[in-house]
Protein chains: 2
Amino acid sequence: MKKDVSTEQKIKDAARKVFMTKGFSGCTTREIAKSVGINVALLNYYFRSKGKLFELILEAALSDFIESMVYVFKQDLALEDKTRLLIDKEFEFLRKHPELPLFIHAGLNQESDAELDQSNFLGRLHQTGIFEECEKAQEAGSMRKVNMINVTLLFMSNCHFPIMSKKLICGIYQIDAKEHEARLIEHQEIVKEMLINYLFPNTNKHV
Amino acid sequence: MKKDVSTEQKIKDAARKVFMTKGFSGCTTREIAKSVGINVALLNYYFRSKGKLFELILEAALSDFIESMVYVFKQDLALEDKTRLLIDKEFEFLRKHPELPLFIHAGLNQESDAELDQSNFLGRLHQTGIFEECEKAQEAGSMRKVNMINVTLLFMSNCHFPIMSKKLICGIYQIDAKEHEARLIEHQEIVKEMLINYLFPNTNKHV
DNA sequence: ACTTATTTTAAACAATTGTTTAAATCGACG
DNA sequence: CGTCGATTTAAACAATTGTTTAAAATAAGT
């Protein structure tokens with residue numbers, strides 16, 4: 001019979017937490033092992049090396065983050081409502097995992113090869129039908145004609161960056177976490193209005 | 001007489017390059033020393049330690065990036081034109097230093113204390129008068145009433161993130177650097193239009 | 001209970017880390 | 001030239017790194 005949680009999973013969980021906050025070269029295998037309460041050698045017994053373990057965590061992180069988008073795209077909603085929901089869900093997700101964006105970007109820079117599409121992220125997004133949906137809306141004139149990569153950039157920029165930049169913003173403006181959270185809440189609404197206004201300009205809004 | 005370039009400066013330059021691409025824990029003092037062509041001990045002779053050197057580079061990077069904004073704010077232009085110029089200059093600056101945003105954010109997370117405002121960044125921004133200028137425009141109704149921290153977030157998100165996320169975007173969408181650059185050029189125009197529309201809504205635009 | 005395979009550990013490995021020490025080299029000035 | 005200070009180096013330091021080896025503990029099957 002298995003234990004309540006397998007050792008392998010416990011290592012993954014601990015490694016995720018440590019890697020997230022300190023990065024690949026910022027931590028040691030012993031640090032991870034200690035936080036699980038096991039011997040260092042056991043880490044190499046389950047995963048072949050520190051690097052291999054890191055790749056696993058990084059890919060899982062990427063997967064999580066794609067999945068949070070896929071969930072929204074699958075909903076049966078009008079494009080405008082999907083836009084709102086996407087932004088809300090992204091902020092909700094990123095509030096729970098605020099270290100994730102920086103971890104992913106820093107992690108991708110560490111990996112020289114970056115065989116990123118083993119997990120077929122693009123395919124998973126395509127399966128939701130979001131691309132065709134946008135294409136149709138663009139043909140119909142209800143959505144502004146913008147390349148989908150640029151649309152992605154717009155969403156990610158305005159959702160991920162405000163979370164990643166917490167320390168920088170707090171440092172520059174000399175505000176504490178509480179004030180920063182207030183700005184974040186406001187930002188969430190700003191982004192929703194701004195993106196919808198930009199992407200769906202024909203829908204009339206009032207003051 | 002001094003050499004053409006002082007050893008101290010050569011070390012700083014090399015350290016900047018290495019730290020930028022590999023991060024603090026991702027490189028070694030010997031690696032930096034070798035890239036300058038000097039002994040490791042000399043590095044500790046000029047700067048007390050690896051950490052001290054890193055702090056210096058990080059602060060200089062932050063300073064550069066603030067300065068590129070200050071330059072724009074000082075110009076004698078209408079707010080809308082400053083907005084356009086700011087975005088153009090940010091993209092220009094970031095194209096020259098694409099690793100800088102990620103380096104700054106990762107670096108700030110490494111530092112536990114993060115005494116960020118020794119350089120008085122907020123003061124330098126205030127001196128340009130940009131805050132009063134925006135406040136006046138907001139009172140006059142030409143600029144949307146948005147907290148200045150949120151305005152900052154809007155600009156930084158839409159300028160910095162597209163540059164930082166190059167590897168991620170290229171990985172997900174399976175595009176090469178050339179195609180990515182094309183998207184970036186388009187993004188620059190998108191961001192200009194979108195932000196101006198949002199921040200200065202009363203100025204009428206045509207199709 | 002005995003055997004066998006899996007899981008876990010302690011210990012050691014060689015390599016690398018940041019830093020220091022003491023000596024050597026260089027530059028300028030008397 | 002000789003001396004003194006600043007610069008630079010080679011060598012060594014102790015600590016830590018990722019990884020491996022061989023033995024121990026545990027679990028499972030018969």
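Per chain, numbering begins at 1; letters A, B, ... match sequence-line order. What's counted below: heavy atoms across the whole structure, side chains too, no hydrogens, waters or symmetry copies.
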In whole Å, I'd like the distance from the [atom1] atom of [X] to the [atom2] atom of [N].
X       : N      : atom1 : atom2 : result
B/Ile32 : C/dT16 : CD1   : C1'   : 15 Å
A/Phe47 : C/dT8  : CZ    : C1'   : 15 Å
A/Ile38 : C/dT6  : CD1   : C1'   : 15 Å
B/Lys34 : C/dT16 : NZ    : P     : 10 Å
A/Asn44 : C/dA12 : CG    : C1'   : 15 Å
B/Ile11 : C/dG18 : CD1   : P     : 15 Å
A/Glu31 : C/dT17 : CD    : P     : 18 Å
A/Lys50 : D/dT17 : NZ    : C1'   : 8 Å

Practice problem: Mind checking the CG-CG spacing from A/Leu100 to A/Leu62? Nearest 0.5 Å is all I need. | Solution: 8.0 Å
Practice problem: Before accepting this row, confirm whether a basic side-chain N of the pair B/Glu193/A/Arg144 lies closer than 4.0 Å to the acidic partner's carboxylate O. | Solution: yes
Quiz item: Salt bridge between B/Lys136 and B/Glu139, side-chain N to carboxylate O under 4.0 Å?
Solution: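 Salt bridge flag = no for B/Glu139 with B/Lys136.
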Self-check item: Toward the 5' end of DNA chain D, by each residue's nearest nucleotide, B/Glu8 or B/Arg30
Solution: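 So the residue in question is B/Glu8.
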Exercise. Using heavy atoms to find the nearest nucleotide of DNA chain D for A/Thr29 and B/Val40 separately, return the residue whose nucleotide is more 5′.
Key: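 Nearest nucleotide further toward 5': that of B/Val40.
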For [X] and [N], is the shortest distance between a side-chain N/O and OP1 or OP2 below 4.0 Å?
X       : N      : value
B/Thr7  : D/dT8  : yes
A/Ser49 : D/dG18 : no
A/Tyr46 : C/dT8  : yes
B/Asn39 : D/dA10 : yes

Exercise. Search all heavy atoms of B/Asn158 against all heavy atoms of B/Phe91 and return the closest pair with its distance.
Key: O-CZ, 3.8 Å
Practice problem: Determine whether the aromatic ring centres of B/Phe161 and A/His105 lie less than 6.0 Å apart. | Solution: yes
Quiz item: Mapping B/Tyr45 and A/Leu42 to their closest nucleotides on DNA chain C, which lands nearer the 5' end?
Solution: A/Leu42
Quiz item: Which nucleotide sits closest to the side chain of B/Thr28: C/dA10, C/dT8, C/dT17?
Solution: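 Of all the options, the side chain of B/Thr28 is nearest to C/dT17.
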Quiz item: Picking from C/dA10, D/dA10, C/dT19, which would you name as closest to the side chain of A/Ala41?
Solution: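 Of all the options, the side chain of A/Ala41 is nearest to C/dA10.
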